[in-house]
Amino acid sequence: MTHELKTGGDRGYLRIASEEAFATREQIDVYLRMVKDGTADKATTSLWGFYATSTSERAQLIMDRLMDLGERRIADMDATGIDKAILSLTSPGVQPMLDVAEAKGILTRANDTLKDACERYPTRFYGMTSIAPQDAEWSAQEIRRGAEELGFKGVMVNSHTQGMYLDEPQFDPILKAIADAGQVLYIHPQSPPDVMIGRMIDAGLDGAVFGFGVETAFHLLRMLTAGVFDRYPTLQVMAGHGCEALPYWLYRTNYMHLAGVRSQRYPAIQPLQHDLFHYMRNNILGTTSGLPFEPAIKLMIDVMGEDRVLYAMDYPYEYVADEVRTHDNLDITAEQKKKLMQTNAERWFKL
Ligand code: 1DF
Ligand code: MN
């Protein structure tokens, strides 16, 4: 342990954590019902079949912490020096739910619950609007309600919706509403859809350990290569976990994407207005959730720019005081650290 963790800016910056999860009981109960009656996809069966039923210490602590939007969470933030949390409904939200009316009801109540918590702790909590992409027009309304009535600062989508991706035409009302509201779209992981998850489950690699990253990087790359940012040049998309490794892969994906464009190999791969480096530095934001690892954070800053990398803890899935210290101790300039921990969040979420 190198230093005590306190809120209040004793190190020259506030700590704003940008990928922090909560859950509602009825959300979890629907997952459990779907697992039991066999209508849940493999991803939800594996993930929530575990967390919502396991008697392991990890699962029980996570369930208790997810449900708390009050003093327990504040105490945990105080204990790790987290000044402010940007909260969102935990993954996969209502996206795997087959009864769309039920999904929308659960989601509306979850967004209202989050709004109440933000009003109880106005200096500690901010919210993101969760949506039900199964109904894109309704979700566009909910995005507007979140921005205009609930005071939310961004929009949360947990990667694919039943195997479909945001670059597909049926989701355009969602992208348009986010762009019109001038808000950030956070694409959080979930495990891959049944068509992709393949043998990841029997290897124990479908979840946050690997499947999350593969699925979410694929989603981001689809949006990049499908020309979403030519359609919406001001749209800002944020992703966690070191921007799901896109900065590491960028030279190769860009090179091979251009090779695909030149050789006209796929109908889906058409010329874009810019190369992928451009979109990574103009439309994509990355957080350090799950990656309190100096080489990875420096790579993100190098590739995306120091204005585009933000701190996240990923509470309650990763609640580790020493990971906060790792951020405090990063070998980057004081100015870069303040951007990382505080001012980039203030800028992009318009706090
Ligand atoms: C896990 C990790 C679950 C993250 C999450 O949501 C999550 C996990 C259900 O460890 O199973 O958000 N995460 O972002 O790393
Ligand atoms: Mn997370």
Side-chain angles (χ1 to χ4, degrees), residues 16-25 27-32 34-35 40-54 56-68 73 76 82 85-97 106 110 114 126-128 130 154-161 184-193 197 200-201 203-217 219-220 237-246 285-293 296 310-320 323 345:
I16 305 178
S18 46
E19 187 195 306
E20 316 306 310
F22 79 102
T24 64
R25 188 65 246 178
Q27 168 197 12
I28 306 297
D29 286 343
V30 173
Y31 297 155
L32 276 173
M34 292 177 71
V35 169
D41 63 359
K42 292 176 182 170
T44 306
T45 304
S46 173
L47 190 77
W48 286 103
F50 169 70
Y51 282 117
T53 65
S54 167
S56 67
E57 190 190 12
R58 172 173 171 81
Q60 307 244 310
L61 269 174
I62 284 175
M63 291 305 294
D64 290 348
R65 287 173 173 155
L66 277 171
M67 304 283 175
D68 187 293
R73 186 179 292 258
D76 284 348
I82 304 302
I86 301 173
L87 300 165
S88 49
L89 189 65
T90 201
S91 179
V94 300
Q95 290 167 235
M97 296 182 188
I106 286 171
L114 180 56
Y126 296 98
M128 280 194 255
S130 282
V155 176
M156 172 57 78
V157 172
N158 299 289
S159 202
H160 73 89
T161 300
V184 164
L185 165 61
Y186 203 115
I187 301 195
H188 185 280
Q190 65 160 309
S191 299
I197 207 163
M200 286 184 194
I201 294 177
L205 297 175
D206 54 302
V209 61
F210 180 71
F212 272 29
V214 172
E215 155 64 21
T216 313
H219 196 158
L220 294 163
V237 172
M238 191 178 293
H241 318 102
C243 211
E244 308 298 353
L246 287 184
L285 302 157
T287 78
T288 64
S289 55
L291 258 177
F293 182 48
L310 292 75
Y311 170 66
M313 174 178 272
D314 213 357
Y315 181 93
Y317 299 100
E318 206 156 327
Y319 177 56
V320 182
E323 295 184 349

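Since this is a predicted model, take the numbers as computed values, not measurements. Atoms within each ligand, like the ligands themselves, are counted from 1 in listed order.
- Residue contact annotation: Glu19 places an N/O/S atom under 2.8 Å from the Mn ion (ligand 2).
- Ring geometry for Tyr319 versus Tyr315: interplanar angle over 60°, hence perpendicular rather than tilted (30 to 60°).
- Not one N, O or S atom of His241 sits under 2.8 Å from the Mn ion (ligand 2).
- Distances from ligand 1 to the non-hydrogen atoms of Phe212 include at least one value under 4.0 Å.
- Nearest non-hydrogen protein atom to atom 8 (C) of ligand 1 is Tyr51 OH, 3.1 Å.
- For Tyr317 and Ser289, the side-chain atoms include no donor-acceptor pair closer than 3.5 Å.
- In the vicinity of Ala208, heavy-atom distances shorter than 4.0 Å reach the ligand 1 atoms 1 (C), 2 (C), 8 (C), 10 (O).
- Among all protein heavy atoms, the one lying closest to atom 10 (O) of ligand 1 is Arg58 NH2, 2.9 Å.
- Proximity of Glu19 to ligand 1, defined as any heavy-atom pair under 4.0 Å, is confined to the side chain (atoms from C-beta onward).
- Annotation: atom 7 (C) of ligand 1 to nearest protein heavy atom, Tyr317 CD1, 3.5 Å.
- The Mn ion (ligand 2) lies closest to atom OD1 when only the N/O/S atoms of Asp314 are considered.
- For the residue pair Gln95 / Thr161, a side-chain donor-acceptor distance below 3.5 Å is found, with atom types taken as modelled.
- Nearest heavy atom pair, residue Asp68 against residue Arg73, reads O-NE, 2.7 Å.
- Contacts with ligand 1 closer than 4.0 Å are made by no heavy atom of Glu318, backbone or side chain.
- Against a heavy-atom cut-off of under 4.0 Å, Leu47 is close to the following atoms of ligand 1: 9 (C), 11 (O).
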Task: Chi angles and distances behind the side chain to side chain contact (heavy atoms under 4.5 Å, CB included) call for Leu220, Glu244 - done: CA-CA 9 Å; Leu220 294 163; Glu244 308 298 353; 4.1 Å; yes
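- Residues Glu323 and Glu318 approach most closely at OE2-OE2, 3.0 Å, considering heavy atoms.
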Task: Full working for side chain to side chain contact (heavy atoms under 4.5 Å, CB included) between Phe212 and Asn158 - done: CA-CA 10 Å; Phe212 272 29; Asn158 299 289; over 6 Å; no
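- Side-chain atoms of Ser159 and Gln190 include no donor-acceptor pair closer than 3.5 Å.
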Open item on the list: Let's go through Tyr186 and Thr287 carefully: what are the C-alpha distance in whole Å and the side-chain angles of both, what is the deciding distance for side-chain hydrogen bond (donor to acceptor under 3.5 Å, both in side chains) to 0.1 Å, and is it a yes or a no?
Closed with: CA-CA 10 Å; Tyr186 203 115; Thr287 78; 2.9 Å; yes
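- The residue Glu20 has no part lying near ligand 1, judged by heavy-atom distances below 4.0 Å.
- Summarising the geometry, atom OG1 belonging to Thr90 is positioned 6.5 Å from atom CD belonging to Gln27; distances are rounded to the nearest 0.5 Å.
- Atoms of ligand 1 found under 4.0 Å from any heavy atom of Thr90 (numbered from 1 in listed order, with element): 6 (O), 9 (C).
- Closest to atom 13 (N) of ligand 1, if we only count protein heavy atoms, is Asp314 OD2, 2.6 Å.
- Atoms of ligand 1 lying under 4.0 Å from at least one heavy atom of His188, given by number and element, are 7 (C), 12 (O), 14 (O).
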